[in-house]
Structures are given as structure tokens and as C-alpha cells.
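Here the structure is laid out as C-alpha cells; the discussion comes afterwards.
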Amino acid sequence: MRYSNQQRAYNQARLASELARARAAAHERAFLAARGATDRRGRPARFLWQIKNDAVFDALEAEYQADPEAVKLQKADMAARSALIKAERDLVSWALSIVPPGIRATLAPAAENDHATRKKIIDLAIHLDAATLPQ
């Protein structure tokens with residue numbers, strides 16, 4: 001199967017975003033585990049937002065935001081998400097460019113406004129063999 005540049009860029013951006021998110025989440029879990037933070041059920045908290053007590057949350061949030069590694073990982077996660085959004089837009093534009101004009105006129109507004117339609121277009125476009133398209 002041959003991929004287009006847009007398909008390749010989207011796949012790379014999606015994987016980079018997943019990796020950045022996983023690294024940031026692992027750091028957050030380790031941070032919370034080291035401090036013994038728990039959620040409302042008394043289980044170890046995996047994310048800051050799971051901490052029910054406002055005072056504990058505020059203290060841990062301030063400490064976490066002061067951690068240079070956490071800030072670096074959060075910035076990397078946000079940059080990867082931004083790149084993914086751009087790659088997604090490019091993929092949707094490419095996918096819409098290869099469909100007949102009548103269908104494109106119907107799908108283009110829906111791709112901008114409807115999340116389900118956009119995801120369906122992405123799913124179909126990512127599985128399309130670019131070698132089957134006319135040059």
C-alpha cells in the first residue's frame with residue numbers, strides 16, 4: 001500500500017501526539033504516586049483532576065506547575081497536539097480534493113462542523129491506497 005504525503009504526515013503526527021501524551025501522563029502519575037495523592041475513592045490518583053479535596057489539589061497543582069520537567073512535557077504534548085490538528089486538516093483537505101465536486105460540496109461544510117463526519121472522513125482517507133488514485 002502506498003501512502004500520500006498527507007496520510008504519512010497524519011500518521012506520524014498521531015503517533016507523536018500519543019507518545020507525548022503518554023510521557024506527560026507517566027510523569028504526572030509518578031509525581032502523584034510520590035506524594036501519595038488519592039482520588040475520591042481512596043485509590044492512587046492517576047491525574048491531578050482526580051483529586052477531590054480542593055486544598056490538596058491546589059497545593060499539588062502549584063507544585064506540579066513549578067516542576068520544570070512537567071512544564072517541558074506539557075509543552076511537548078501541546079506542540080504535538082497542534083501538529084496533529086494541522087495534519088488532520090491537511091488530510092481532510094486532501095480527502096475532499098479527490099472526491100467528485102457534488103459530494104465535496106456536501107462533505108466540506110460537514111467536515112468543518114461535525115466531529116463524527118470529520119472522523120469518518122479521516123478513517124476512510126487513512127485506509128485509502130494512494131496508488132489507486134489517478135495521478
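Values reported hereafter were calculated over all heavy atoms of this structure, with side chains retained and with hydrogens, waters and symmetry mates removed.
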Open item on the list: Within the 4.5 Å heavy-atom criterion, are Glu88 and Arg118 side-chain neighbours or not?
Closed with: yes

Open item on the list: Please give the remaining members of the hydrophobic cluster of Leu15, linking ILVMFWY side chains under 4.5 Å, ordered by chain and number.
Closed with: none

Open item on the list: Taking the side chain as everything from C-beta on, heavy atoms only, tell me whether Gln50 gets closer than 4.5 Å to Arg40.
Closed with: no

Task: Heavy-atom check, side chain of Tyr3 versus side chain of Asp129, under 4.5 Å - done: no

Open item on the list: Looking at every heavy atom in both Ala125 and Trp94, which two are closest together, and how far apart are they?
Closed with: O-CZ3, 4.0 Å

Open item on the list: Test of understanding: with side-chain contact (heavy atoms from CB on, under 4.5 Å), list the residues that count as partners of Ala22, not counting sequence neighbours.
Closed with: none

Open item on the list: Contact between Lys72 and Lys75 at the side-chain level, heavy atoms closer than 4.5 Å - yes or no?
Closed with: no

Task: Greater than 12 external heavy atoms within 6.0 Å of Arg21's CZ - done: yes

Task: Short side-chain to backbone donor-acceptor contact, Arg29 and Arg46, under 3.5 Å - done: no

TODO: For Arg14 and Asn11, test the side chains for any donor-to-acceptor distance below 3.5 angstrom and give the result as yes or no.
DONE: yes

Open item on the list: Closer than 3.5 angstrom, by distance alone: can the side chain of Ser17 be matched with the main-chain N or O of Ala13 as a donor-acceptor pair?
Closed with: no

Open item on the list: Is the shortest side-chain heavy-atom distance between Ile103 and Pro100 below 4.5 Å?
Closed with: yes

Open item on the list: According to salt bridge (charged side-chain N to carboxylate O under 4.0 Å, His left out), who are the partners of Lys52, at least two apart in sequence or on a separate chain?
Closed with: none

Open item on the list: If you define the side chain from C-beta out and look only at heavy atoms, does anything of Leu91 sit under 4.5 Å from Gln7?
Closed with: yes

Task: Whichever hydrophobic residues join Val56 through chains of side-chain contacts under 4.5 Å - done: Phe31, Leu32, Leu48, Ile51, Phe57, Leu60, Tyr64

Task: Side-chain cluster (under 4.5 Å, hydrophobic types only) that Ile85 belongs to, other residues - done: none

Task: Non-neighbouring partners of His127 that pass side-chain hydrogen bond (donor to acceptor under 3.5 Å, both in side chains), sequence neighbours left out - done: Asp123

